[in-house]
Amino acid sequence: MCGIVGYSGKTKCGKPLEVCLQGLKRLEYRGYDSAGVALVAPGMERVAYAKKAGRLSNLVGYVQRHPLPDALCGIGHTRWATNGEPSDVNAHPHVSEDGRIAIIHNGIIENAGKLKFDLQSEGYSFVSDTDTEVAAKLLGKIADDIIKKTGKPDLFTACRRMAKMLEGTFTILAVDVREPGVVVGMRHDSPLVVGVGKDESFLGSDVAAFVQYTREAIELGQDQAVRIEGGDITITDFDGKPVEDKHFTVDWDASAAEKGGWPNFMDKEIHEDPSAVNETLMGRFDLDGRIKLDELHVDEDVLRQIDKIIVVACGTASYAGLVAKYAIEHWVRIPVEVELAHEFRYRDPILTPRTLVVAVSQSGETMDTLMAIRHAREQGSKVLAICNTQGSSIPRESDAVLYTHAGPEVAVASTKAFVAQITAAYLLGLYLAQVKGVMFHDEIQLQLSELRAMPKKIQWVLDNDDDLIHQTADRLVDKNGFHFLGRHVGYPVALEGALKLKEIAYTFSEGYAAGELKHGPIALIQEGTPVVVIVPSARNRNILHSKVISTIEEVKARGAYTIAIAEQGDPDAGRYADVTFTVPQCPTLMSPLVDVVPLQLFAMYMAEAKGNDVDKPRNLAKSVTVE
Ligand code: F6R
C-alpha cells in the first residue's frame with residue numbers, strides 16, 4: 001500500500017518530475033487517496049513540493065497550474081491512508097522543521113507516538129496526523145546534528161541512523177537541499193527496488209515505477225539502505241556495511257502495463273487469462289517432456305521427503321491454493337492444508353522439516369503472507385513461493401520460487417494472476433509426483449497435455465460468453481445478496497466469484513460449498529434471490545453433477561434466480577437454470593481455469609453498470625503491505 005518512486009539524474013531539468021508522475025501513474029494501483037512529489041535542485045533553500053488529496057489527476061492538474069522548478073532529483077508518493085484521513089495536509093511528502101528535507105513513506109511507524117512526544121518536548125510542532133511527519137522532523141534533527149558535528153551534510157548516514165530508531169514497517173525515501181541530486185531510500189518490511197540507468201538511477205516500490213526507463217534492476221534486501229546520485233548507486237545495511245547487489249532484468253516491458261486500447265485494466269487482464277496460463281507453462285520441460293523446475297533450487301532429495309504441504313495466502317491467492325489442494329492431494333497423495341496467512345502463525349501450526357510451506361502471492365509483498373513464511377522458516381520448514389513479481393519480498397525470503405508469468409497485474413481485483421497461480425501450483429504438484437515417483441510418466445504427460453489445452457478453452461469462453469454475461473450483469477445490477485455455490489474444485493471458484501463481486505461491484509455476496517446450503521443459508525433464499533452455481537461435469541463425476549443440479553432445483557423451488565456455469569452439452573443445466581454461461585468440456589481438475597472466467601467478466605460488467613471505478617475499487621489497494 002502506498003506507491004513510492006524516486007529519481008536522480010545528472011542535469012537539472014524537468015525529468016525528475018516526469019519520472020515521478022509517470023511512476024506514480026503506474027503505481028497508483030497501490031493506493032489512490034492522495035499523491036505528492038518533492039524536487040531538489042542546486043541553490044534551493046527549501047525542498048520544492050506539491051501534494052493533493054484524491055486521485056493522481058488532482059496533483060497533475062495542480063502542478064500544471066503551479067509549475068514546479070527544474071531539478072536534479074525527485075521523489076513521488078501515492079497514498080493509501082493508514083495514519084490520518086486522506087487530505088492535502090496528510091498527503092506525502094512531509095518536510096523537516098526547516099523545510100530542507102522531504103520524505104515519503106510506505107508502512108506504519110509503530111513508535112511514532114513516543115517519538116512525536118519527545119520531539120514536541122524539544123519544541124517541534126506538527127501540522128498533520130501522520131507518522132510520516134514524525135519521521136520527517138526526526139530526520140531533520142539527525143541531519144542537523146551530523147552537520148554540527150562534521151561540518152558537512154550526510155543524508156545517507158542520517159537516514160540509516162533514523163532507520164534504526166523506527167519500529168514498525170517502512171520504506172522511506174528522502175531528499176535534502178544541501179545534497180542536491182542525492183536520493184536516499186531505506187526499507188524494513190516494505191518493498192523497494194532500484195532501477196539502474198546510464199547517468200541516472202531510479203527507486204520504486206516495484207519495477208513498474210521505472211520500467212519505461214530501464215529494465216535493469218537491483219533488489220534491496222531487508223534492513224538495507226540505498227543512496228543514488230546520477231548513475232552512482234551505493235547499497236549498505238543500516239550500519240553502513242556494503243552488501244552484495246542482487247541484479248535482475250525485468251522480463252516485461254512498459255507496454256505490458258498499459259491499457260492498450262482496453263477500457264480498463266481489469267478487462268485487459270481478464271483477456272490475458274489464456275496467455276497467463278500459457279506463459280506460466282512455457283520453458284518448464286526438458287526434451288523428454290519431463291517437468292524441469294531448475295529455478296526452484298531445492299534438492300530433489302529434500303522434495304522426496306516432503307510429507308505435508310501447507311499453502312499460505314490471502315484472498316484470491318488463497319482460493320487458487322484451495323483449488324490446488326484438490327489436485328495435489330489427488331496426484332501426490334500427501335495432505336495439503338490451505339491456511340489464510342494472517343491466521344497461520346497465530347494458531348501454532350504443526351511444522352516440521354518435512355513440511356513444505358507454499359506461499360502464493362501475486363504481488364509478493366502481502367505482509368500477512370510474508371509474516372507467515374517467516375514463521376514457517378523459523379520452525380524449520382522449507383518455503384516455496386508462487387509469485388508474479390520479480391524482486392519482491394516473498395520470493396526473496398523463501399527457499400525457492402516458482403514465478404507465474406502472468407505479466408504485470410494492474411487492476412486491483414486479481415484475475416489473470418488467479419489462473420496463473422493455479423497453473424503454477426499444478427506444475428508444482430505434478431513435479432512432486434514426478435520426483436516422488438507416485439505417478440507414471442504417461443499419467444503426468446496426460447495431465448500436462450490437458451493443462452496445455454486450457455488457454456484455448458479459456459479463449460473460447462472469452463469469445464463466446466461475453467454478450468450473455470454482459471446482458472445478465474446489466475439485468476441484475478440492482479440485485480443484492482448473491483449466493484455463489486460450488487462443490488469440489490467448484491467450491492473455491494464460487495468463493496472467488498463472490499469475492500470479485502464484493503470488491504468491485506460493492507454487491508453483497510457470499511460463496512460457499514453447495515452442500516452447506518441446506519445447513520443454513522437456504523433460509524435466505526426468496527423470490528428473486530440471485531444464485532450462481534458452478535455445475536461440475538456430468539461426464540466425470542456424475543454423482544456430484546446430479547447433486548448440484550438438485551441444489552439448483554431446491555433454490556429455484558424457493559424463487560431464486562439461478563445462473564449456472566456449465567460445460568457444453570450439459571444435459572440438465574439449461575433445463576433448470578434461468579441463465580447458463582457455457583464453458584468448454586475439460587477434466588474436473590482443469591475446470592476452475594474456465595469456470596472462473598465468466599465470474600470475472602460478470603463482476604466487471606456489474607461494476608461498470610453501477611458506474612464504479614473497476615480498476616480502483618474504494619478502500620482497497622493492490623498490495624496489502626500492512627498486517
Ligand atoms: C482480490 C485480490 C486480493 C488478493 C490478496 C492477496 O481480487 O486481489 O484478495 O488476492 O490481497 O494478494 P497477493 O496475491 O498479492 O498476495
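Whatever order the structure lists them in is the order used to number ligands and atoms, beginning at 1. We count residues from 1, following the sequence as given. Since the structure is predicted, the reported quantities are computational estimates derived from the model, not experimental observations.
Residue, atom and distance of the protein heavy atom nearest to atom 11 (O) of ligand 1 are Val624 CG2, 4.2 Å. Counting protein heavy atoms only, atom 5 (C) of ligand 1 is closest to Cys314 O, 3.5 Å. If you check which protein heavy atom lies closest to atom 13 (P) of ligand 1, you get Thr366 OG1, 3.2 Å. In terms of protein heavy atoms, atom 15 (O) of ligand 1 is closest to Ser363 OG, 2.7 Å.
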For Tyr605 and His470, run ring pair (Phe, Tyr, Trp, His ring centres under 6.0 Å): C-alpha distance rounded to whole Å, both residues' side-chain angles, the deciding distance at 0.1 Å, then the answer. CA-CA 6 Å; Tyr605 287 131; His470 200 159; 3.8 Å; yes
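Residue Glu503 has at least one heavy-atom neighbour below 4.0 Å for each of these atoms of ligand 1: 1 (C), 7 (O). Atoms of ligand 1 found under 4.0 Å from any heavy atom of Ala413, numbered from 1 in the order shown, are 7 (O). Of all atoms in ligand 1, numbered sequentially from 1 with element shown, those under 4.0 Å from a heavy atom of Gln362 are 13 (P), 14 (O), 15 (O), 16 (O). Distances below 4.0 Å separate heavy atoms of Ala317 from the following atoms of ligand 1: 10 (O), 14 (O). Of all atoms in ligand 1, numbered sequentially from 1 with element shown, those under 4.0 Å from a heavy atom of Ser361 are 13 (P), 14 (O), 15 (O), 16 (O).
Within a 6.0 Å radius of NZ in Lys457, more than 12 heavy atoms belonging to other residues, nucleotides or ligands are found. Annotation: Asp348, atom CG; neighbour count of heavy atoms from other residues, nucleotides and ligands within 6.0 Å does not exceed 12. Heavy atoms from other residues, nucleotides or ligands lying under 6.0 Å from NZ of Lys610 number more than 12.
Both the sub-6.0 Å distance and the 45° axial angle are not jointly satisfied by Arg187 relative to the ring of Phe170.
Nearest-heavy-atom check against atom 9 (O) of ligand 1 across Val312, Ile386, Thr316 picks out Thr316.
For Lys500, every heavy-atom contact with ligand 1 shorter than 4.0 Å involves the side chain, none the backbone. At a 4.0 Å heavy-atom cut-off, ligand 1 touches Val412 through the backbone alone.
A donor-acceptor pair is defined here as one N or O able to donate and one able to accept, closer than 3.5 Å; no such pair exists between the side chain of Tyr426 and the backbone of Met590.
Side chains of Thr249 and Glu216: a donor-acceptor N/O pair is present below 3.5 angstrom, by distance only.
When side chains are defined from C-beta on, Ser205 does not count as touching Leu192, because their heavy atoms never get closer than 4.5 Å.
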